[in-house]
K.L.:
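Provided herewith is a single structure, encoded as structure tokens, for subsequent inquiry.
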Amino acid sequence: MPGSERAAPEPKRPARPKRESGNGSERSSTEGARRKTTKASTPPRLSGRRAAARAAQHVSELAGKDLEAVTSLEKKEQGWQVGIEVVESHRIPDSTDILAVYLVEMDDAGELISYRREKRHYRGRAEKSDS
């Protein structure tokens with residue numbers, strides 16, 4: 001029949017996230033995502049606690065030994081220097097275990113710059129002072 005033709009329906013647009021009314025502090029999730037992707041791509045600087053945890057992770061992966069403790073933590077001009085004590089050799093009794101201190105240097109993003117074993121000692125022996 002002439003004149004009874006229907007026009008094709010228009011495609012639906014995706015719904016926009018609703019904004020909360022109020023003081024304007026609420027933002028849509030789309031705006032938050034947009035803001036996150038537009039930030040500069042510089043890596044965040046590590047805190048001392050995160051630097052120590054990252055250094056321990058590096059030593060664990062590289063040395064494959066049981067971690068004992070973080071023995072030193074020092075902020076450098078462009079990163080961190082962290083001392084990590086590990087058990088080099090388990091012995092009986094455990095007071096005769098051989099421990100080692102590894103020194104890890106990382107940049108501000110936590111990427112490994114250097115890694116080396118500094119010293120070894122028995123668990124039951126006190127360190128000698130330099131004075």
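The model shown is predicted, which means the values in this text are computed figures rather than measured ones. Note: hydrogens, waters and symmetry copies are ignored here, and every other heavy atom, side chains too, is used.
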K.L.:
Is the backbone of G110 close enough, under 3.5 Å, to the side chain of H58 for a donor and an acceptor to pair up by distance?
P.N.:
yes
K.L.:
Could you measure the distance from the CZ atom of R116 to the CG atom of L103? Nearest 0.5 Å is fine.
P.N.:
4.5 Å
K.L.:
Provide the closest heavy-atom pair for Y102 versus V59 in the form atom of the first, atom of the second, distance.
P.N.:
CB-CG2, 4.2 Å
K.L.:
Taking all non-hydrogen atoms of both residues, which atom of A52 and which atom of I84 are closest, and how far apart?
P.N.:
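Here A52 and I84 meet closest at O-CD1, 4.2 Å.
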K.L.:
Could you please spell out the steps behind the side chain to side chain contact (heavy atoms under 4.5 Å, CB included) verdict for V87 and K65?
P.N.:
CA-CA 6 Å; V87 180; K65 308 284 184 183; 5.9 Å; no
K.L.:
Could you pull out the closest heavy-atom pair between M106 and A51, with the gap in Å?
P.N.:
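Distance-wise, the nearest heavy atoms are CE-O, 3.1 Å.
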K.L.:
Do you see a donor-acceptor pair shorter than 3.5 Å between the side chains of Y115 and E61?
P.N.:
no
K.L.:
Hey, can you pull the donor-acceptor pairs under 3.5 Å for the side chains in residues 67-75, sequence neighbours left out?
P.N.:
from : atom 1 : to   : atom 2 : distance (Å)
E68  : OE2    : R123 : NH1    : 2.9
T71  : OG1    : G83  : O      : 3.3
S72  : OG     : G83  : N      : 3.0
E74  : OE2    : K76  : NZ     : 3.3
K75  : NZ     : G79  : O      : 3.2
K75  : NZ     : D108 : OD1    : 2.7

K.L.:
What I want to check is whether the side chains of E88 and H121 have a donor and an acceptor closer together than 3.5 Å.
P.N.:
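Not at all, the side chains of E88 and H121 share no donor-acceptor pair under 3.5 Å.
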K.L.:
If you measure from NZ on K119 to CG on L99, what distance do you get to the nearest 0.5 Å?
P.N.:
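Output value for this atom pair is 11.0 Å.
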K.L.:
What's the verdict on side chain to side chain contact (heavy atoms under 4.5 Å, CB included) for R91 and D97, showing C-alpha distance, side-chain angles and the deciding distance?
P.N.:
CA-CA 5 Å; R91 296 192 171 182; D97 285 351; 3.9 Å; yes
K.L.:
L46 and A109: which non-hydrogen atoms are nearest, and at how many Å?
P.N.:
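Taking every non-hydrogen atom into account, CD1-C, 4.0 Å.
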K.L.:
L112 and L62: side chain to side chain contact (heavy atoms under 4.5 Å, CB included), yes or no, with the steps?
P.N.:
CA-CA 11 Å; L112 187 64; L62 293 170; 3.6 Å; yes
K.L.:
Answer yes or no: is there a side-chain heavy-atom contact under 4.5 Å between D107 and Q78?
P.N.:
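No; the side chains remain at least 4.5 Å from each other.
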